[in-house]
Amino acid sequence: MAHGLNPAQADAVATVAGPLLVLAGAGTGKTRVVTFRIAELIRRKIRRSRILGVTFTNKAAAEMQERIGKLIEKKKDDKPEISTFHSLCVRILRRNAKKLGYPEQFAIYDAGDQESLARQSLREIRVPGEVLSPGDLMSKISRWKNAGLTCDDANQLASSDKDHLAAMAYKRYQKTIKSVGAMDFDDLLLLTEELFENHPDARRAEAGRFDHLLVDEYQDTNHTQYAIVKALAEGHRNLCVVGDDDQSIYGWRGADVRHILNFRKDWPEAKVVRLEENYRSTEAILEIANRVIHYNADRYDKTLRAARLGGERPRIEQFEDEEIEAEQTVGDIRQRLTEPGRELRDFAILFRTNEQTRAFEGALRKHKVPYVLIGGMSFFDRKEVKDILAYLRLIDGHCDDVSLLRIVNRPPRGISQGTVEALQTAAVKEGHTLWQTLEDGPRVATIVPNAAPAVAKFVELIRRYQKRIANGSLAPSVRALLSEIDYEQELKRLYPEEADQASRWGIVEEMINALAAYEEQAHGKGKLNKFLDEVLLGERDTKDEKDEQLKRNAVVLMTLHSAKGLEFPIVYMVGMEEGILPHHRAAADENPQGLAEERRLCYVGITRAQDRLTFSLSLSRRKWGKPRPTIPSRFLFEVMGQADKAPAAAGLNAKPIERPRGKSGRR
DNA sequence: CAAAGCCGTTTTTTT
DNA sequence: AACGGCTTTG
C-alpha cells in the first residue's frame, strides 16, 4: 500500500474499481490521492496507456504528470494519459472530424481569433461598438454555447434589443467559423459531445481506449464536460472524480457545482470518501478561511480540521497606492528571504486580474528579485509570434480566414483594404473561403489592376513554402520565409525605437528556436499541425517553460484562478479592494451567485498559504491612467469577523480599516 | 496604395 | 496607457 496516507486517503486509493467520489476540502491531499491511485492501478497491472487523467488547466496536467513520474518508474511509450479536457477533445475530433462535416485540418480559434471574428460579425450586421462590443458579444456567445443554446434558441430567449443583436451576430459568427472549417474553444467540447451523441460507433471507439478515468477538480465541470465524462466512463464505470464545492470558481464558464453533488444519482454504486483533514495550512490560516467561506449561504457544510496547530496570524497591510503596495510587498519578500532556509520559490503573489501584475513586475525587476509570471500575456500571444503563426497556419492548409486576413498585407505588399474587401465579397458570393478566392485570382472579383499581380505573388509565396515545409525542416524554412518577406525591416518600420526593434526581433528568434526545439523532439509527418495544436491549446507554454520555471527558483506571480491546486509557504493576496475582489463585474450583477463565487475565489487564495498569509490593499489605484480612491474589500471585514462594518455595503468611500486590536502585524 | 495622425475603446477569471 | 481602427494626407 502507498505510504504516507491517512486511512481515508488510503481508502480512496485502495478502491480502484467502480465509481468513486472524493469530496475533499482544500489542502487535504486531493491531487495526492489521484496520483497515488494511478500508481496503485499500475501496481495492479493495469496498462498505463489505458488510464486517462483529466484536469482543467495545462499547469495542473503538467503538475500531475510530474508527481506521477516521481511515483512510478518511467516506461517509454506506455504512460498514463494526462490531459486537459480541451486537449483530449482535440485529439478525439482530429480522428473524427469528417463525421461532423469538418475538415481534418480544422483550425482552432483562440481568444484573439474569436475577437476578430466577433468584430467582423458585428460589422457585417452593422452594429456599432457602443451598442455591443466584441468582448461583450464573445462572452455572450460563450455563455450561450456553454448552455447548449443554438443561435435560434438564443434569439428566442433574448429579452432585450442587445440580446437580439447578439443572437444575430452569434448566427453570423457560427456560420463563418463553420464555413472556414474552424472551431473555437467551446466548439471543441460541444462538438465532442455531439459526436458521442450522434455517432455511437465513435463513442464506443473513443471510450474503449481507456479502462480507467480520473477527473480532478470535478466541481468545475460544465454541462458539456459532464456529458463527455459520462460518455467515456459508462462502459467500464471505473470513474474517479475529486473535488470541493467550495472551490468552484468557473461558474462564468458554465461550471455547475451540482454535477459533483449529484454524482451518486448517475453512479448509484459509487463509493464516497471524504477528506477533511487539512495538512497544508496552519490553524490560524485555516480559521480565517473557514470564517470567510461561511458567509456563503448555499454550500455543503463541512468542517476542515487543521493538522498544523497554531501558526502566525494573517496580516492586513494598507498602502497609499499600487506602486507603494508593490514596493513594500517586494521589500517584505526581500527581508524574509534573509531568514535561514527561505527560498524564492516559497513566495507567491496572488491577484484577481492580470492587469495588477504591472506594478509588481516593476518592483521585482527594480530590486532584481527573480520572478515568474504564470499566465498573463504569454509568449504565443505576442504580436510577432501571432504573425508567424498566422503564416504557418496558412501554410499548413488551414482554410482560416482570420489568419489570412492578419498577414495578407503584412508586411505591405500592395494588397489594400479595398482589394481584400472585394475578394471577401466575391468569396461570400461564390460560397468559397477567402483563400480559395485568392487562389482563383482576380477573375471573380473586381480589383484594381495593380493588386492582381500582388495577390498572385502572395499565393505563389504561400504555395512555395507549403511545398518546402512538406519536404524539408521547419525552422530553416521559416527563417527563409521571414527573410524573403523582410520581416525584420517591417519591424523597423513599425517601431522607431531601436530597443523596441531589438526586443521584438528577439521574440522572432525565440519563436524560430521553439520551432527547432519542437522539431527535434517530434518526428513523423503532420508535425506542423501538431505544433500548432499545442500552441493553440496553451500546452507549448507549459511544456517548454515548465522545466525551466521549476528549476528557476523564483517568486511566483499569478491570478487566483491559476493558483488553484497549488500551495506556497508564504502568500500575498494583493489588491483586496471592492471592484477587484470581489470584481465589480461579478458582484454588481443582479445575481447573488456572482458574489458567492468571488468569495470562493478569496477562499481559494487563502487556502494556498501554508505558513504565512498577508492581505494588502491600496487606498488609491490608477484606472486608465487616473488615480481613484478605493474601498477595502468586504472580504477583509469578513476575515476579521466584522462583516457588518464593511463600508462596501453602505457604499462609503476609501477609509482605512480600523484594526480590531493592537497595531498592524508584528515583525 | 501606404504612412501618419487622430479617435475611441478597453480590463475578470481559462482553454 | 496602449492598442486598434478609421480618416486624412502624401
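Across all non-hydrogen atoms, the minimal contact from A/Arg634 to A/Pro582 is NE-CG, 3.8 Å.
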Between A/Ser83 and A/Arg91, does a side-chain hydrogen bond (donor to acceptor under 3.5 Å, both in side chains) hold up when you go through it step by step?
-> CA-CA 10 Å; A/Ser83 150; A/Arg91 263 175 273 128; 3.1 Å; yes
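At the heavy-atom level, A/Arg413 lies under 4.0 Å from the strands shown only through sugar-phosphate atoms. Looking at heavy-atom distances under 4.0 Å, A/Ser87 makes no contact with the nucleic acid at all.
Between A/Glu384 atom CD and C/dC3 atom P there is a gap of 10 Å when expressed in whole angstrom units. Rounded to whole Å, the distance from CZ on A/Arg600 to P on B/dT13 is 18 Å. Summarising the geometry, the separation between CD on A/Glu598 and C1' on B/dT13 is reported as 8 Å, rounded to the nearest angstrom. Put simply, CD on A/Gln489 is 11 Å from P on B/dA3, counting in whole angstrom units. With rounding to whole Å, A/Leu560 atom CG is found 15 Å from B/dT12 atom P. Rounded to whole angstrom, the span from the CG atom of A/Leu405 across to the C1' atom of C/dG5 amounts to 14 Å. Separating the CE atom of A/Met558 from the P atom of B/dT14 is a distance of 11 Å, rounded to the nearest angstrom. With rounding to whole Å, A/Lys564 atom NZ is found 10 Å from B/dT15 atom P.
When distances are taken from the side chain of A/Asn409 to each of B/dA2, B/dT14, B/dT15, the shortest belongs to B/dA2. The side chain of A/Pro412 has B/dA3 as its nearest neighbour among B/dA3, B/dT15, C/dA2. The side chain of A/Arg493 approaches B/dA3 more closely than any other nucleotide in the set B/dT15, B/dT12, B/dA3. Taking the side chain of A/Arg358 as heavy atoms from C-beta on, and the options B/dT14, C/dA2, B/dT12, the nearest nucleotide is C/dA2. Here the side chain of A/Thr419 is nearest to one of C/dG4, B/dC1, B/dT11, namely B/dC1. Checked against B/dT14, B/dT15, B/dT12, the side chain of A/His561 finds its nearest nucleotide in B/dT14.
Side-chain nitrogen and oxygen atoms of A/Ser139 include none within less than 4.0 Å of the OP1 or OP2 phosphate oxygen of B/dT12. Phosphate contact (OP1/OP2 of B/dT13, side-chain N/O of A/Asn354, threshold under 4.0 Å): present. Neither OP1 nor OP2 of B/dT13 sits under 4.0 Å from any side-chain N or O of A/Ser562.
A side-chain donor from one of A/Gln219 and A/Glu217 sits under 3.5 Å from a side-chain acceptor of the other. In this structure, a donor-acceptor pair under 3.5 Å is absent between the side chains of A/Ser618 and A/Glu322. With hydrogens and angles left out, the side-chain atoms of A/Tyr226 and A/Asp256 include no donor and acceptor closer than 3.5 Å. Side-chain contact annotation: A/Tyr603 with A/Gln247, donor-acceptor N/O pair under 3.5 Å absent. Residues A/Asn529 and A/Glu104 have side chains that never bring a donor and an acceptor to within less than 3.5 angstrom of each other.
Where A/Glu355 and A/Phe85 meet DNA chain B, the nucleotide closest to each residue was compared, and A/Glu355 sits on the side nearer the 5' end. Between A/Arg119 and A/Phe185, the one whose closest nucleotide on DNA chain B sits nearer the 5' end is A/Arg119.
Look at A/His86 and the base of B/dT15; the rings do not stack under the cut-offs of 5.5 Å between centres and 30° between planes.
Looking at A/Lys564, A/Arg299, A/Arg600, A/Arg599 one by one, the single match for salt bridge (charged side-chain N to carboxylate O under 4.0 Å, His left out) with A/Asp246 turns out to be A/Arg299.
Near-neighbour residues of DNA chain B inside residues 243-255 of chain A, defined by a heavy atom below 4.0 Å, number-ordered: A/Tyr250, A/Trp252, A/Arg253.
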